[in-house]
*Asks:* 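Input: one structure, supplied below.
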Protein chains: 2
Amino acid sequence: MVSTPGAEPRRITINDVARSAGVSRQTVSRALNDKGEIDGDTKQRVLDAARALGYRPSRFARGLVRQDTMTIGLVIPDLLNPFFTEVAAGALEAARSRGWHVVVYATADRADEERDTLQVITSQVDAVIGYFSCSESELESYTRGMPVVLIGREGRSTRFSSIRIDGEQGVRAAVAHLVAEGHNRIGMLDHRTRAEPSIRHDWFTAAAREHGIDAGLVVDADQTADGGGTALRTLLAARPEVTAVFTFNDIIAVGALREARRLGRSVPRDLAVIGFDGLQLGALVEPPLSSVALDTRKLGALAIEQLARLLSGLGTSEADDLIVHAELHLSGSA
Amino acid sequence: MVSTPGAEPRRITINDVARSAGVSRQTVSRALNDKGEIDGDTKQRVLDAARALGYRPSRFARGLVRQDTMTIGLVIPDLLNPFFTEVAAGALEAARSRGWHVVVYATADRADEERDTLQVITSQVDAVIGYFSCSESELESYTRGMPVVLIGREGRSTRFSSIRIDGEQGVRAAVAHLVAEGHNRIGMLDHRTRAEPSIRHDWFTAAAREHGIDAGLVVDADQTADGGGTALRTLLAARPEVTAVFTFNDIIAVGALREARRLGRSVPRDLAVIGFDGLQLGALVEPPLSSVALDTRKLGALAIEQLARLLSGLGTSEADDLIVHAELHLSGSA
DNA sequence: AGCGCTCCCGTGAACGTTCACGGGAGCGCT
DNA sequence: AGCGCTCCCGTGAACGTTCACGGGAGCGCT
């Protein structure tokens, strides 16, 4: 047998093992899957042959015939942002308890990567959980009827199920706390998704107006610690009278904390800071971060649960939307 | 047509769509995969039928016939530990650029979960990258000839390829720096893997002996911030004369930093701290963490590269072992 | 009219595995 | 001897898709 140069090697199949061991493919299958109805010596001979040939079963052929494996795609912008990894941890745990597999895709928070991911994901998984920035119609055109659960975003059509984060009361409590502490110049470091202010910004505005204070002290920030620092500097340069900030999330808040220190502002004495998310990270910085906190692990787990509901054919309705509540947790920074 | 109660619904296949649209399965395939050789009206009719029936192609059947998708399993102990997510981020990025898919498994640092994962992973992926704590023989019995790349661990047999972290020089530099700063009671907060002291501990011991200082001031710590805090308290309670600590990793160091503050010890004045890993997290705490730093993203990317080499049939040898060097990066904490 | 070409569409085969079923060999019991 | 049972093992079919190939219809040109 001469190997043709450049020809890719043919895959070793169960039939090759069967031939090598002098048995049928069914006997090979029995040996490899620890089924009964096989002689001990035969089994060993088959196993040896399989090892010698470097045989590895095709998961596609196996999956085709026994339709029991469930694989879901988890799409998140960034693995370096603890919020998403905490959510992912919750989702992975919930998936594991169901025996589901999770393929993780990181989109680097870029629209083109998100599209690439959506393009490819549909042929790789049975359902999708994700944090998407593209429009619902675009999402629909890629997922084409595949079950999808959106995280932290309102599903406007009934096409998608979603897990919503309700922080309205929490943000109101945060602003009320700051006002009670004597602050009346409260800024916000927002994060714009899809070129529009966030819902968290809406909550902040409403709460500020309730207390009759200026709701316009808002600066947009990148979703990183550096972004938070830069945004705080910008805000304080323009409006030095600000004595407290509420931030879109904890990452931004931590960056603001660091920047305040660099600017010589003591937290919370000279500047109070309240974040959003309640990440574990907040307990590691100095002072510990006050935050409108939610259960990130539960968020991920709920998404998996909702997916299970969808897959069992219950469909989705407005009432199906699940909610995670975020509440004010006070620590050292405010 | 009466649906039998309890009978699971038969999967909708390409043939159902073909029948519904009044065409052959090949025409359906053409419509769905945007191939040519199909009339515009026909294509639309097929697409409508597919949508109406809720048809979704079987990835197994598709994968079986066109053998082009590559899926690798990434096994890490914990998604909540930034070290692993940074490595995972590097691996995901490298995999994406090759068009590979990555299934992530978190083992919660428990031996039984790790075994479960290994059990299940072999039928789900084409190759494995991971941070394992079980023995190589055990690993071999599960992976059975599948390509495996170990991260941050010496492969003792030639069966596995590995990406090693070389921090010997970095740790020596760290100890030298501390000694130069006048410290001669330097402790270590170690993390025991598989019930034996770590290699990092060996490096520390060697470096301490070079300077003729006590290398026995070692306490074992859990791989968490809380674990680091507890370990520091234990160490200082027993040996209050300690003025500097080197830690197994940055997470432990960050916990130690926080605990030092609680104990009223100013860092670095009363206690110098040097971690290991060089995580982004280190730049967020106060004071910023000095660390024997390595390129975690590169670590993940190298693992994927090594896997590519294995899969192209080059096999593995001792010389194939890839190395990431860790070097001392000084910041505020030492 | 005949030829070639383009545009569509369909049929058999193949991918690699497990399932369902059949059946032979050997043994013990009546 | 005949029967039933257990222990093994093998063959056809099926899973659901894409590939390779064949071929009809229609049109333009000579």
*Asks:* Quick check against the 3.5 Å criterion: does A/Ser135 have a side-chain atom that pairs as donor or acceptor with the backbone of A/Glu138?
*Replies:*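 Here the side-chain-to-backbone pair exists.
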*Asks:* Could you check which of D/dC9, D/dT18, C/dT17 has an atom nearest any side-chain atom of A/Asn15?
*Replies:*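 The listed nucleotide nearest to A/Asn15's side chain is C/dT17.
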*Asks:* Under a 3.5 Å distance rule, please check whether A/Arg115 uses its side chain to pair with a backbone N or O of A/Cys134 as donor and acceptor.
*Replies:*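 Side chain of A/Arg115 to backbone of A/Cys134: no pair is present.
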*Asks:* Relative to the 5' end of DNA chain C, which residue comes earlier, A/Arg62 or B/Arg25, by the nucleotide with the nearest heavy atom?
*Replies:*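 On the 5' side of the pair lies B/Arg25.
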*Asks:* Just verifying a value: how many Å separate B/Thr71 OG1 and B/Arg59 CZ, rounded to the nearest 0.5 Å?
*Replies:*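 The distance works out to 9.0 Å.
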*Asks:* May I have the distance from A/Asp16 (atom CG) to C/dT17 (atom P), rounded to whole angstrom?
*Replies:*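 To the nearest whole Å, that distance equals 9 Å.
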*Asks:* Measure from CD on B/Gln26 to P on C/dA14 and round the result to the nearest Å.
*Replies:*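 My rounded result for the distance is 16 Å.
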*Asks:* Would you mind telling me which of D/dT18, C/dT17, D/dT17 lies closest to the side-chain atoms of A/Ser58?
*Replies:*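 Out of D/dT18, C/dT17, D/dT17, the nucleotide with an atom closest to A/Ser58's side chain is C/dT17.
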*Asks:* Please pick, from C/dT18, D/dT18, D/dT17, the nucleotide with the shortest atom-to-atom distance to any side-chain atom of B/Arg66.
*Replies:*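 That would be D/dT18.
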*Asks:* The side chain of B/Tyr55 lies closest to which of these nucleotides: C/dC9, D/dT17, D/dT11?
*Replies:*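 The listed nucleotide nearest to B/Tyr55's side chain is D/dT17.
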*Asks:* Quick one: A/Ile38 CD1 to D/dC8 P, roughly how many Å, whole number?
*Replies:*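 That distance rounds to 9 Å.
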*Asks:* Categorize A/Lys43 for me: base, sugar-phosphate, or nothing, with a 4.0 angstrom heavy-atom threshold over every strand shown.
*Replies:*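 Answer is nothing: A/Lys43 stays at 4.0 Å or more from every strand.
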*Asks:* From D/dT18, D/dT11, C/dC9, pick the nucleotide closest to the side chain of B/Glu37?
*Replies:*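 So the side chain of B/Glu37 is nearest to C/dC9.
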*Asks:* To the nearest 0.5 Å, what is the distance between OG (B/Ser123) and CZ (A/Arg62)?
*Replies:*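 These two atoms lie 6.0 Å from each other.
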*Asks:* From D/dG16, C/dC19, D/dC9, pick the nucleotide closest to the side chain of A/Leu64?
*Replies:*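 So the side chain of A/Leu64 is nearest to D/dG16.
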*Asks:* Check the distance between D/dC19's P and B/Ile14's CD1 and give it to me in whole angstrom.
*Replies:*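 Those two atoms, CD1 and P, are 11 Å apart.
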*Asks:* A quick test of your reading: do over 12 heavy atoms of other residues, nucleotides or ligands sit less than 6.0 Å from CZ of B/Arg51?
*Replies:*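 Counting other residues, nucleotides and ligands, CZ of B/Arg51 stays at 12 neighbours or fewer.
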*Asks:* If you compare all heavy atoms of B/Arg11 against all heavy atoms of B/Arg56, which two are closest, and at what distance to 0.1 Å?
*Replies:*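 So the minimum-distance heavy-atom pair works out to NH2-O, 3.0 Å.
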*Asks:* Can you tell me the distance, in whole Å, between the CG atom of B/Asp126 and the P atom of C/dG16?
*Replies:*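 Rounded to the whole Å, the gap is 13 Å.
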*Asks:* In this structure, how many angstroms lie between the C1' atom of D/dT18 and the CG atom of B/Leu32, rounded?
*Replies:*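 Distance, rounded to whole Å: 12 Å.
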*Asks:* May I have the distance from B/Asp39 (atom CG) to D/dG24 (atom C1'), rounded to whole angstrom?
*Replies:*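 Going from CG in B/Asp39 over to C1' in D/dG24 covers 15 Å.
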*Asks:* Kindly express the pairing pattern of DNA chain C in dot-bracket notation, using | wherever a base pairs with another strand and counting only Watson-Crick or G-U pairs under 3.5 Å.
*Replies:* ||||||||||||||||||||||||||||||
*Asks:* Return all side-chain donor-acceptor pairs below 3.5 angstrom for residues 78-85 of chain A, not counting sequence neighbours, or 'none' if the list is empty.
*Replies:*
unit_1	atom_1	unit_2	atom_2	d
A/Asp78	OD1	A/Leu80	N	2.9
A/Asn81	OD1	A/Phe83	N	2.9
A/Thr85	OG1	A/Pro82	O	3.0

*Asks:* Distance check: side-chain N/O of B/Ser29 vs OP1/OP2 of D/dT18, anything under 4.0 Å?
*Replies:*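 For B/Ser29, the contact criterion (side-chain N or O under 4.0 Å from OP1 or OP2 of D/dT18) is met.
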*Asks:* In this structure, how many angstroms lie between the P atom of D/dT17 and the CZ atom of B/Arg19, rounded?
*Replies:*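 Value for this atom pair: 12 Å.
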